[in-house]
Asker: 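One structure, pasted below without further comment.
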Amino acid sequence: MKQIIAIVQPHRLEQIEHALHGLAHLSGFTIFPAHGHSRGQGPHHAFAATEWNPDAHDRMVLMMFCPDEQVPTVVEAIRTTAHTGLPGDGLIAISELADVLRIRSGERGDAAL
């Protein structure tokens, strides 16, 4: 099982959702707003942790869990729909999951997905 986290531009979210809903057997995903700073900003953009930073970029974070065999399809769906070719398109991270437990039913592993 894998966890997929994608950080994408907000204006691409609707297309990404449509692409993911079009995939067979996708267990679902969670979306939440985020603010971030791109790499390469350098020390001249450093700020104290207590200060508000106007250079933060709005992004959306998608998080999902899926069986190993679905990962290539999910990642490609996100990549192709999030891609604009411009800096700031985002990134996709894939992590191994040791276990998943569905709270309601007590199911574990792939059955919980």
Asker: Determine whether I16 and L91 fall in the same hydrophobic cluster, where Ile, Leu, Val, Met, Phe, Trp and Tyr are linked whenever their side-chain heavy atoms lie under 4.5 Å apart.
Answerer: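 As far as the 4.5 Å side-chain criterion goes, L91 and I16 are not connected within one cluster.
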Asker: Please determine whether residues I78 and L26 belong to a single hydrophobic cluster, defined as Ile, Leu, Val, Met, Phe, Trp and Tyr linked transitively by side-chain heavy-atom distances below 4.5 Å.
Answerer: yes
Asker: Does I103, at its CD1 atom, have more than 12 non-hydrogen atoms belonging to other residues, nucleotides or ligands within less than 6.0 Å?
Answerer: no
Asker: Write out all pairs satisfying salt bridge (Lys or Arg N to Asp or Glu O under 4.0 Å) with one or both partners inside residues 19-34, taking only residues at least two apart or from two chains.
Answerer: none
Asker: Is there a path from M60 to I92 through hydrophobic residues (I, L, V, M, F, W, Y) whose side chains come within less than 4.5 Å of each other?
Answerer: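 Yes, same cluster.
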Asker: Hey, could you give me each pair passing salt bridge (Lys or Arg N to Asp or Glu O under 4.0 Å) that has a residue in residues 85-96? Not counting sequence neighbours.
Answerer: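 Pairs touching residues 85-96 that pass the test: K2-E96.
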Asker: Going by the rule ring pair (Phe, Tyr, Trp, His ring centres under 6.0 Å), which residues pair with F29 if we only count those two or more places apart in sequence or in a different chain?
Answerer: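 Listed in chain order: H21.
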Asker: Side chains of residues 7-15: which donor-acceptor partners sit under 3.5 Å, not counting sequence neighbours?
Answerer:
residue, atom, partner, partner atom, Å
Q9, OE1, H11, ND1, 3.3
Q9, NE2, G88, O, 2.9
R12, NE, T81, O, 2.9
R12, NH2, T81, O, 2.6

Asker: For S27, give me all partners under side chain to side chain donor-acceptor pair (under 3.5 Å), at least two apart in sequence or on another chain.
Answerer: none
Asker: Treat each ILVMFWY residue as a node, draw an edge where side-chain heavy atoms are under 4.5 Å apart, and state whether V71 and L97 are in one component.
Answerer: no
Asker: Tell me, please, which residues at least two apart from R79 pass salt bridge (Lys or Arg N to Asp or Glu O under 4.0 Å).
Answerer: E76
Asker: Please name all residues satisfying salt bridge (Lys or Arg N to Asp or Glu O under 4.0 Å) with E17, sequence neighbours left out, ordered by chain then number.
Answerer: none
Asker: Please list all pairs passing the salt bridge (Lys or Arg N to Asp or Glu O under 4.0 Å) test where one or both residues lie in residues 20-32, with sequence neighbours left out.
Answerer: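 Qualifying pairs, neighbours excluded: none.
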Asker: Linking I/L/V/M/F/W/Y whenever any side-chain heavy atoms sit under 4.5 Å apart, do V61 and V75 land together?
Answerer: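 Different clusters.
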Asker: Quick one: list whatever passes salt bridge (Lys or Arg N to Asp or Glu O under 4.0 Å) with D58, sequence neighbours left out.
Answerer: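 Per chain and number, D58 pairs via salt bridge (Lys or Arg N to Asp or Glu O under 4.0 Å) with no residue.
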Asker: For a quick test of your reading: what N or O donor-acceptor pairs under 3.5 Å do the side chains of residues 104-113 make, sequence neighbours left out?
Answerer:
residue, atom, partner, partner atom, Å
S105, OG, E107, N, 3.3
S105, OG, E107, OE1, 2.8
R108, NE, D99, OD2, 2.7
R108, NH2, D99, OD2, 2.7

